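Because the structure is a prediction, the values reported are computed rather than measured.
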Amino acid sequence: MDSKTNIAISGATGFIGKNLLYRLNEMGCNVFELGRDLFYTDNDHLTNIISNADIVINLAGAPLNKKWTDDYKRTIIESRLHITRSIVNAINKTQRTKLLISTSAVGIYPTDGCFDESYDSHSKTFLGRLCNSWEEEVKRVRIDVRVVITRFGIVLAPKGGAYEKMVLPFQNGISVTIADKNNFISWIDIEDLINGIIFIIENKNISGVVNFTAPDIITQKKFADVLSLHNKTLIRMNIPSFVLKLLLGEYSQLLTQSVCVKPAVLTSLSFNYKSPNFENFVERVEKQK
């Protein structure tokens, strides 16, 4: 990637965005943030900014880790569809942008099997319908733009994000599983996610859907066993799905559903994972303590 490449990023203030922004700046790229205000003011301003972008990376979207009231579900939908639609409209009015990388999620897949990028439908859950509509907005971009839709699994990092909350009970001596201990968890190390985005930028033959998950699809049981080993837990606990549903409502499906997603595209291209399995990731975390 040319260090003079101009890259525009929406959602740059989020957990993933901050990590990506740091890496791209470190590489010498000219990166500019597409702040939220840009999408709710003069459309010409957004178009003018994007007219200077060789690459646009769309990471924007309201957080999912809040109770999904009807009002907040509308916020979740609007934040993704409106911003993506605005980006696509701006790209379509300009000529410079040649690559659009837009986020989606593994929640698009059903929970009754293992799936890779060849699966061409979507789950009928709220998340499945949301991701499908989100991705359809991306496909409206002009035909000469290379489009990559990155479907993220649970993003794990030594500091920040989901992992700090997930590991907390284990650090206090309690081994916790949620719902069915054989439920799958499709996840990815933040370092592999960032490297994966750069890999896509540098490999111009990649287009379409790319699953951003580790090859090691773990179960709730394996997750708990690995963390128990490293933290020497004394107590085992399972939180039934109905308890989480009572506490969290529909949002609980993020924690209780089993999603098995294979990263067929990245593995077929011999992408070099820093954490190909969960043990690698936990060992990396331990070394950074």
Side-chain angles (χ1 to χ4, degrees), residues 15-16 19-20 103-119 123 127 131 148-171 175-200 203 206 209-233 236 238 253-289:
F15 175 64
I16 295 169
N19 281 274
L20 179 60
T103 305
S104 185
V106 297
I108 196 169
Y109 294 106
T111 59
D112 57 352
C114 281
F115 303 92
D116 63 20
E117 293 89 345
S118 64
Y119 182 76
S123 165
L127 275 182
C131 290
V148 180
I149 295 171
T150 55
R151 292 175 177 168
F152 293 168
I154 297 173
V155 182
L156 302 183
K159 295 181 180 178
Y163 183 71
E164 280 189 333
K165 295 176 182 178
M166 295 167 79
V167 76
L168 191 59
F170 296 87
Q171 292 172 335
S175 175
V176 175
T177 53
I178 295 172
D180 186 340
K181 66 182 179 181
N182 294 314
N183 279 356
F184 290 108
I185 302 173
S186 293
W187 63 282
I188 188 167
D189 185 333
I190 184 69
E191 290 291 325
D192 288 325
L193 185 149
I194 301 303
N195 289 339
I197 290 175
I198 294 166
F199 185 76
I200 284 170
N203 288 267
I206 301 175
V209 173
V210 180
N211 290 335
F212 269 50
T213 56
D216 180 31
I217 306 163
I218 59 175
T219 61
Q220 283 277 346
K221 182 179 184 304
K222 180 175 179 180
F223 178 87
D225 286 348
V226 172
L227 289 181
S228 295
L229 182 64
H230 281 267
N231 291 278
K232 298 181 174 61
T233 57
R236 289 186 178 272
N238 176 264
Q253 68 182 252
L254 272 182
L255 305 174
T256 60
Q257 287 186 344
S258 177
V259 182
C260 180
V261 178
K262 301 175 182 178
V265 172
L266 289 178
T267 53
S268 70
L269 294 170
S270 300
F271 174 70
N272 185 24
Y273 280 90
K274 191 164 189 173
S275 297
N277 59 63
F278 188 57
E279 289 90 342
N280 294 145
F281 171 76
V282 175
E283 287 168 5
R284 183 166 84 83
V285 174
E286 293 296 317
K287 287 178 182 177
Q288 292 185 20
K289 284 184 177 179

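Here the side chains of I197 and F212 are in contact, with some heavy-atom distance below 4.5 Å. For the pair K222/D216, a side-chain contact is recorded, criterion being any heavy-atom separation below 4.5 Å from C-beta on. The closest side-chain heavy-atom distance from V155 to W187 is not below 4.5 Å. Counting heavy atoms from C-beta on, the side chains of I200 and T150 come closer than 4.5 Å. Side-chain contact check for F199 versus I206: some heavy-atom pair is nearer than 4.5 Å.
When every heavy atom of G113 is checked against every heavy atom of C260, the shortest pair comes out as O-CB, 3.5 Å. P215 and T267 get closest at one heavy-atom pair: CG-CG2, 4.2 Å. Of all the heavy atoms in T213 and V261, the pair that sits closest is OG1-O, 3.3 Å. The nearest pair of heavy atoms linking V209 to E117 is O-CG, 3.3 Å. The shortest non-hydrogen separation linking I178 to L255 is CG2-O, 3.6 Å. In this structure, N19 and I190 approach most closely via the heavy-atom pair CG-CG1, 4.0 Å.
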Practice problem: For side-chain contact (heavy atoms from CB on, under 4.5 Å), just list the numbers for L227 and F278, CA-CA rounded to whole Å, side-chain angles, deciding distance to a tenth of an Å, and then say yes or no. | Solution: CA-CA 10 Å; L227 289 181; F278 188 57; 4.2 Å; yes
Exercise. Would you please test F152 and I16 for side-chain contact (heavy atoms from CB on, under 4.5 Å) and show each step?
Key: CA-CA 11 Å; F152 293 168; I16 295 169; 3.7 Å; yes
Self-check item: L156 vs F281, side-chain contact (heavy atoms from CB on, under 4.5 Å): CA-CA, chis, key distance, verdict
Solution: CA-CA 8 Å; L156 302 183; F281 171 76; 3.6 Å; yes
Practice problem: Check step by step if salt bridge (charged side-chain N to carboxylate O under 4.0 Å, His left out) holds for E279 and R284. | Solution: CA-CA 9 Å; E279 289 90 342; R284 183 166 84 83; over 6 Å; no
Quiz prompt | Worked verdict on R151 versus D116 for salt bridge (charged side-chain N to carboxylate O under 4.0 Å, His left out) | solution = CA-CA 11 Å; R151 292 175 177 168; D116 63 20; over 6 Å; no
Exercise. Under the side-chain contact (heavy atoms from CB on, under 4.5 Å) rule, what do N203 and L269 come out as? Steps first, then yes or no, please.
Key: CA-CA 10 Å; N203 288 267; L269 294 170; 5.8 Å; no
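There is no side-chain donor-acceptor pair under 3.5 Å between D192 and N195. Using a 3.5 Å distance cut-off with no hydrogens or angles, the side chains of N211 and Y109 do pair a donor with an acceptor. Counted by atom type alone, S175 and T233 present zero donor-acceptor pairs between their side chains at under 3.5 Å. A donor-acceptor contact closer than 3.5 angstrom links the side chains of S275 and D189. Side chains of T219 and N182: a donor-acceptor N/O pair is absent below 3.5 angstrom, by distance only.
Other residues, nucleotides and ligands contribute at most 12 non-hydrogen atoms within 6.0 Å of the NZ atom of K262.
In this structure, the side chain of S186 engages the main chain of V259 through a donor-acceptor pair within 3.5 Å.
With values rounded to the nearest 0.5 angstrom, N277 atom CG is found 9.5 Å from I218 atom CD1. The SG atom of C131 lies 5.5 Å from the CD1 atom of I108; values are rounded to the nearest 0.5 Å. How far CD1 of I185 is from CD of Q257: 13.0 Å, rounded to the nearest 0.5 Å. Here the CD atom belonging to Q220 is positioned 11.5 Å from the NZ atom belonging to K181, to the nearest 0.5 angstrom.
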Show which side-chain atoms of residues 157-170 pair as donor or acceptor with protein atoms under 3.5 Å away, not counting sequence neighbours.
unit_1 : atom_1 : unit_2 : atom_2 : d
E164   : OE1    : G160   : N      : 3.3
E164   : OE2    : G160   : N      : 3.3

